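Predicted, not measured: the structure shown is a model, and the values here were computed from it.
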Amino acid sequence: MAAGVTNPHGETQRHVRLKRLALVWAQAQGFSVCAIEVSLPRCPYRADVAAYRGQHGEISATAIFECKQALCDLRRDNCDSEVSRRRLEVICKRRQILETCLRAHYPNLRNSDSLFPEFDSQSFTAIGHRGYARLLRELRAVQNRLYECTKFEKLIRYRCANLFFLVVPEELFRDREVPVGWGALVESNDALTLVRKPNWHDMTAEDRLRFLQRIGIAGTRMLNRQLEIGYDEVAAEHCRLVSSGDCHSGD
């Protein structure tokens, strides 16, 4: 894997190739404004590829492409929160039942950490009950998945774009793993094939404009990096323009 890493952030050549293919496919579909690693409005997430298509006399369209090179990476962002909440409720009920039984069988578990005996906590892990330990592990896993692994679902809920595409290698594609409402682009022989069409999600004209602005910001950031333009150089130029009276900020 180390041989496949192409930058200090740990991105592999395969992931870079998927993003490149997504850029090519988006532009071929008429999305003429594109950028990679775009910070999205209205949410804390960043899109691998974001694209905008403007058409005269028609509603413009926005699209997000998420590239996944491994199944564990895909599943980390693809949690169904409703299913996980139901599972969490079942686990919590089982935990309550088991703790009630343990209190009855181990009355000496009280920690005596409260002034009032009825509020003393109990250390159920101290007895080494394997079923209880397994239940706690599952509880932590479901909680982590529910609160940290719902990126795909939240991107739709926040209406971050009109269209969403999952981009995966051919050997990784499983129809059941594609998020609800997302399209699927499968990579094979250095090209992408649309194997599932995405649903259309409405967003306001104001949100589309914010989306377009974020693409512009990401594109400028990448261009600055390529041309080795740093913040200090831009700040110095801004100060020079202000002092000479040539700064135009749009007022």
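In Arg20, the CZ atom is not crowded: 12 or fewer heavy atoms of neighbouring residues, nucleotides or ligands sit closer than 6.0 Å.
Taking Arg225 as the reference, Arg221, Met222 meet the side chain to side chain contact (heavy atoms under 4.5 Å, CB included) condition, with sequence neighbours excluded. Residues that satisfy the salt bridge (charged side-chain N to carboxylate O under 4.0 Å, His left out) test with Arg240, not counting sequence neighbours, are Glu237. Residues forming a side chain to side chain contact (heavy atoms under 4.5 Å, CB included) with Arg208 (at least two apart in sequence, or on another chain): Ile59, Ser60, Thr62, Asn162, Met203, Ala205. With sequence neighbours excluded, the residues forming a side chain to side chain contact (heavy atoms under 4.5 Å, CB included) with Asp202 are Arg159, Trp200, listed by chain and number. For Val186, the side chain to side chain contact (heavy atoms under 4.5 Å, CB included) partners two or more places apart in sequence, or in a different chain, are Val168, Glu170, Phe173, Val195.
Hydrophobic clustering, with ILVMFWY side chains joined whenever heavy atoms are under 4.5 angstrom apart, keeps Leu166 apart from Tyr158. Cluster membership for Val24 and Leu194, using ILVMFWY side-chain heavy atoms within less than 4.5 angstrom, is not shared. When the side chains of ILVMFWY residues are joined at heavy-atom separations under 4.5 Å, either directly or via intervening members, Leu212 and Tyr45 end up in a single hydrophobic cluster.
Remark: Arg42 CZ to Lys154 NZ distance equals 14.5 Å, nearest 0.5 Å. With rounding to the nearest 0.5 Å, the separation of NE2 in His238 from OH in Tyr231 is 8.5 Å. In this structure, NZ on Lys197 lies 11.5 Å from CG on Asn199, to the nearest 0.5 angstrom. Of the inter-residue distances, the one linking Leu163 atom CG with Gln29 atom CD reads 10.5 Å to the nearest 0.5 angstrom. Note that NZ of Lys68 and CZ of Phe152 are 4.5 Å apart. Values are rounded to the nearest 0.5 Å. Atom CD1 in Ile64 sits 5.0 Å away from atom CZ in Phe211 (nearest 0.5 Å).
In terms of heavy-atom proximity, Cys34 sits nearest to Ile215 at C-CG2, 3.8 Å. Considering all non-hydrogen atoms of both residues, Cys67 and Asp48 come closest at N-OD2, 2.8 Å. Here the closest non-hydrogen pair linking Ala184 and Val178 is CB-CG2, 4.0 Å. Nearest heavy atoms, Glu187 versus Leu21: CG-CD1, 3.3 Å. Residues Ala35 and Ala218 approach most closely at CB-CB, 4.0 Å, considering heavy atoms.
Remark: the backbone N or O of Leu40 is paired with a side-chain donor or acceptor of Arg214 at under 3.5 angstrom. Judged purely by atom type and a 3.5 angstrom limit, Lys151 uses its side chain to pair as donor or acceptor with the backbone of Arg46.
Taking 4.5 Å as the limit, every side-chain heavy atom of Val167 sits out of range of all side-chain heavy atoms of Glu66.
Between Trp25 and Phe65, the ring planes lie perpendicular to each other; the angle is over 60°, past the 30° to 60° tilted range.
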Requested in this report: Go through Arg17 and Asp190 one step at a time and tell me if the side chain to side chain contact (heavy atoms under 4.5 Å, CB included) criterion holds.
Outcome: CA-CA 9 Å; Arg17 186 174 73 250; Asp190 291 326; 4.0 Å; yes
Requested in this report: Assess whether side chain to side chain contact (heavy atoms under 4.5 Å, CB included) is satisfied between Glu233 and Glu228, documenting all intermediate values.
Outcome: CA-CA 10 Å; Glu233 183 178 354; Glu228 299 182 348; over 6 Å; no
Requested in this report: Output, in order, the C-alpha distance, side-chain angles, deciding distance and verdict of side chain to side chain contact (heavy atoms under 4.5 Å, CB included) for Ile217 and Ser39.
Outcome: CA-CA 9 Å; Ile217 291 171; Ser39 297; over 6 Å; no
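Cluster partners of Val234 are Leu223, Leu227, Ile229, counting Ile, Leu, Val, Met, Phe, Trp and Tyr whose side-chain heavy atoms approach within less than 4.5 Å, directly or via other members.
Using a cut-off of 4.0 Å between Lys/Arg side-chain N and Asp/Glu carboxylate O, Glu206 and Arg210 are scored as salt-bridged.
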